[in-house]
Amino acid sequence: MQMSTRGRKRLIQREGCVLKAYKDSVGVLTIGVGHTSAAGNPPVMPGMTITAEEAEEIFSRDLVRFEGHINEAVKVPLAQNEFDALVSIDFNVGPKFKDSTCIRRLNAGDRAGAAEAILLWDKPPEIRSRR
């Protein structure tokens, strides 16, 4: 599966798009739509700037990676909105999400328990509203 256009728009709204490198709430250098060096190229450097077009290109590349995490980890059929939500969370918390209680519960057929487990990802406090 791939993230829908609606899902992409919502993720961009939540993450924002900043064209100059900045430190996020936990001190990680970030640029564009939530891009960090941990997500791959380009590495984010202090003082770095990019264009809106570059931000879109980087975001699209990053998104493929996070879609892949969810496609590999989830073994049950998903509705598009469920897939979009899971990719959004993985984008935000990183690849460790694929081994989470949420994914284990989802794969066991416990959708309610999986939704509840999403709320366990509550640090830093700034991200709680995204759950």
| message | Hydrogens and angles aside, do D84 and Q80 bring a side-chain donor and acceptor to less than 3.5 Å of each other? | response | yes
Checking R14 against S88: is there a side-chain donor and acceptor pair closer than 3.5 Å? yes
Between the main-chain N or O of G113 and the side-chain N or O of R105, is there a donor-acceptor pair closer than 3.5 Å? yes
Any side-chain heavy-atom pair of Y22 and I31 under 4.5 Å:
no
4.5 Å side-chain heavy-atom contact, I50 and I58: yes
Here the salt bridge (Lys or Arg N to Asp or Glu O under 4.0 Å) pairs for residues 48-66, sequence neighbours left out, are R8-E56, E57-R61
- Message: Just so I know, are the side chains of C102 and L86 near enough to count as touching, which here means a heavy-atom distance under 4.5 Å?
- Response: yes
I103 and A73 have their tightest heavy-atom pair at CG2-O, 3.8 Å
Residues at least two apart in sequence or cross-chain that pass ring-ring contact (aromatic ring centres under 6.0 Å, His included) with F83, listed by chain then number, are none
Applying side chain to side chain donor-acceptor pair (under 3.5 Å) to D90 and not counting sequence neighbours gives H69
Pair F59 and F91, ring centroids less than 6.0 Å apart: yes
Discussion item. Side chains of V44 and T30, heavy atoms from C-beta outward: is any pair under 4.5 Å?
Written reply: no
| field | Note, L29 side chain near T36 side chain (heavy atom, < 4.5 Å) | value | no
Would you say M1 and N71 make side-chain contact, with heavy atoms under 4.5 Å? yes
- prompt: Any side-chain heavy atom of V76 sitting closer than 4.5 Å to one from R111?
  reply: yes
Interatomic distance, CG@D24 vs CD@E15, rounded to 0.5 Å, equals 9.0 Å
